Every structure is written in C-alpha cells, then in structure tokens.
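First comes the structure, then the notes that go with it.
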Amino acid sequence: MALKKLVAGNWKMHGLSSDLAEISTIAEAARAYPSVDVALCVPAILIERAARAVPGFAIGGQDVHQEAKGAHTGCTSAQMLLDAGAALTIVGHSERRDAQRESDAEVQAKAEAALGCGLNVILCVGESLEIREGGKAVDTVLAQLDGSIPPQPPEEAELAIAYEPIWAIGTGKIPTADEIAEMHAAIRGRLVERYIAPGSGVRILYGGSVKASNAGEIFSIPDVDGALVGGASLRADDFMPIVAAAAAVEA
Ligand code: PEP
C-alpha cells in the first residue's frame with residue numbers, strides 16, 4: 001500500500017522572527033503539491049508566530065515533555081505546543097537522545113503524551129556508525145523502536161517513524177539504497193507485528209543528509225514514505241525541490 005508522502009523540515013536551533021518570511025514562502029510553495037504532506041518543525045519560541053503566519057500549514061515542535069504541567073524548568077508540554085498552534089512534534093531525535101540522555105522509555109512517554117492530546121508525532125530512531133559497521137544496525141534500531149513506540153496503535157493522532165542513521169545527519173553521507181530498503185522493511189515488519197493492520201499505515205520517513213540531488217532516489221525505495229530534512233529545510237530553494245521529488249514519485 002503506497003502511503004501519502006510526508007516531507008517534514010527540522011529547523012533545529014535555527015530561526016528568528018526574520019525567518020518567518022521563509023516559512024511563509026515554503027508554506028505558499030507547498031500548496032502546489034497537494035499529493036504531499038509538508039510540515040516544518042521550528043524552535044518552540046517561533047511556533048505561535050509561524051502558525052499564525054501560515055494558517056492551514058503544519059507547524060510542529062521538535063520535542064515535548066511527557067507531563068502535562070509541573071516543575072520542569074525550560075520544558076514544553078504537549079498542551080502548550082497545541083495551544084501555540086502546533087499540529088505535530090518530533091520526539092526522540094538522536095541529538096536529544098545523545099545530549100539530553102533521553103532513554104527509549106522517556107521517548108515513549110513523550111510520544112504517548114503528544115498523541116494523547118491530538119498532536120501528530122514523528123518518532124526518530126537510528127544507529128551510530130560504530131553499530132552500523134559492527135553489523136548490528138537492524139537489531140539496534142528495532143530494539144529502539146520496541147522501546148520507544150506506544151504499546152497500542154495510536155487512535156487520537158498520527159504516529160510516523162523517522163529512520164535517521166546518526167552518522168548520516170548533517171554529514172552529507174547517506175546509506176546505500178539497499179541499506180535504507182533493508183531498514184525500512186525491518187521497521188515495517190516490526191510495526192505490523194506490534195500493531196497488526198494499523199502497522200501498515202504508519203509512515204516511515206528517512207532522515208539524514210536528504211537534499212534535492214538524492215531525494216528522488218530515496219523516495220523511490222519501498223517503504224520510504226517521506227523524509228525528515230534538517231539543513232536543507234531552512235531555505236525554500238533547497239527544501240521545495242525535495243517536496244517536488246516526493247510529488248514526482250507519487251505521480
Ligand atoms: C535531522 O537532524 O533530522 C536531519 C535529517 O538533518 P540533515 O538533513 O541536516 O542531515
């Protein structure tokens with residue numbers, strides 16, 4: 001079953017009010033590609049202004065706290081993201097798993113909190129170069145997936161998985177098409193095992209150095225249902241050709 005492709009940008013810690021115009025440019029350009037879902041996950045402080053600037057376009061957060069409220073200095077709850085106008089959030093990005101020492105259990109709690117209040121979730125998994133070179137990439141990613149996804153298929157909102165090999169993020173290196181195909185097939189298999197029929201409807205995105213020049217090939221790999229894009233999502237000139245490549249594969 002071919003799923004509608006989702007191309008989501010992760011702006012990480014980039015973006016000031018002067019960049020709202022770029023968000024508007026991307027949202028406007030995305031209207032030409034109704035066969036692709038397009039989203040931008042921006043810094044928390046920009047969400048409200050971005051959502052107001054581009055009504056109807058999906059603006060997301062990059063992380064969420066698992067509690068609804070409380071003594072968690074510097075954190076943002078799912079309700080707060082929703083209240084600011086977000087439609088989705090990333091959870092479990094490798095930069096947070098690494099720098100903030102987020103465990104699978106924490107990522108799972110964050111995903112459940114977000115989905116439970118109606119926010120769509122992009123949940124990231126991915127292996128280090130050492131693990132890939134040691135031949136343990138698939139086992140490691142499936143273990144991460146097992147520990148991070150909600151026990152039951154979500155009903156309140158959409159869960160998508162982003163396979164992001166850590167060594168491909170921001171490096172210009174990407175796995176071979178066969179390696180991506182193998183990993184996405186393994187993730188699909190595990191989702192169907194865990195969620196039965198709904199497992200085949202979960203979109204599996206690839207992330208890691210996606211750009212205009214490689215997007216077409218990546219999107220044509222079976223079970224690649226879109227992309228999570230970092231650096232190349234900051235400028236419409238770089239991002240929109242990736243969206244166009246997703247639309248071309250859909251056509
Ligand atoms: C990311 O960090 O989610 C990412 C995919 O980054 P980049 O596209 O820059 O490799």
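What you are looking at is a predicted structure, and each value in this text was computed from that prediction instead of being measured. First listed ligand is number 1; within each ligand, the first listed atom is number 1.
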(message) When you compare ligand 1 with Thr171, is there at least one nitrogen or oxygen pair between them that comes in under 3.5 angstrom?
(response) no
(message) Surrounding NZ of Lys4 (heavy atoms of other residues, nucleotides or ligands, distance under 6.0 Å), is the total greater than 12?
(response) yes
(message) I'd like to know if Lys211 contacts ligand 1, where contact means a heavy-atom distance under 4.0 Å to any ligand atom.
(response) no
(request) Give the numbers and elements of all ligand 1 atoms closer than 4.0 Å to a heavy atom of Ser209. (result) 7 (P), 8 (O), 10 (O)
(request) Give the atoms of ligand 1, by number and element, whose distance to some non-hydrogen atom of Gly231 is under 4.0 Å. (result) 7 (P), 8 (O), 9 (O)
(message) Considering both backbone and side-chain atoms of Ala232, is one of its nitrogen or oxygen atoms within less than 3.5 Å of a nitrogen or oxygen in ligand 1?
(response) no
(request) State, without any angle test, whether Glu127 and Tyr163 hold a side-chain donor-acceptor pair at a distance under 3.5 Å. (result) yes
(message) Side chain or backbone, does Gly207 bring an N or O within less than 3.5 Å of an N or O on ligand 1?
(response) no
(request) Please confirm whether Gly208 comes within less than 3.5 Å of ligand 1 when only nitrogen or oxygen atoms on both sides are compared. (result) no
(message) Does any part of the side chain of Ile180, heavy atoms only, come nearer than 4.5 Å to the side chain of Asp223, both counted from C-beta?
(response) no
(request) Kindly indicate whether the side chain of Trp11, heavy atoms from C-beta on, has any atom under 4.5 Å from the side chain of Pro43. (result) yes
(message) Regarding Glu164 and His93, do their side chains bring together a donor and an acceptor under 3.5 Å, going by distance alone?
(response) yes
